[in-house]
Amino acid sequence: KHILIRANPVTAEDGTVTDLLLTDSNGQEVVFHISESTQIYMNAEDLKEGTEISVLHSGAFTMSLPPQGNALEISPWRYQREAADSQVTE
């Protein structure tokens, strides 16, 4: 599942991003945990507050507020390409 979010990264003392506090297109906040197995298809320095990204996740979340889940993949948001790919030409 992919969701559009605006990222606000949480970093460790060494500067690595460990979590992302996200706001989806409906205004709902979600925390995604990033592990060594998370595939990130963008530069780490581009993961900053306000960046629109796509997160692939399992769909399992905690019952906490905000919900928390694990990020499987993180990539730049490609709305224009996805919109163009979904158009049917006659």
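For clarity, every value in this text was computed on a predicted model and none was experimentally measured.
Contacts of Asp19 classified as side-chain hydrogen bond (donor to acceptor under 3.5 Å, both in side chains), with partners at least two apart in sequence or in another chain: His33. With sequence neighbours left out, the side-chain hydrogen bond (donor to acceptor under 3.5 Å, both in side chains) criterion links Asp14 to Thr16.
Side-chain contact check for Leu21 versus Val31: some heavy-atom pair is nearer than 4.5 Å. Side-chain contact between Val30 and His57 is absent, with no heavy atoms from C-beta onward closer than 4.5 Å.
A donor-acceptor pair is defined here as one N or O able to donate and one able to accept, closer than 3.5 Å; such a pair exists between the side chain of Thr51 and the backbone of Asp46.
The two atoms that bring Val55 and Ala71 nearest to each other are CG1-CB, 4.0 Å, heavy atoms only. Here the closest heavy-atom approach between residue Pro67 and residue Glu29 is recorded as CD-O, 3.4 Å.
Taken from CG in Leu56 to CZ in Phe32, the straight-line distance is 9.5 Å, to the nearest 0.5 Å. Atom CG of residue Leu20 and atom CD1 of residue Ile53 lie 5.0 Å apart, to the nearest 0.5 angstrom.
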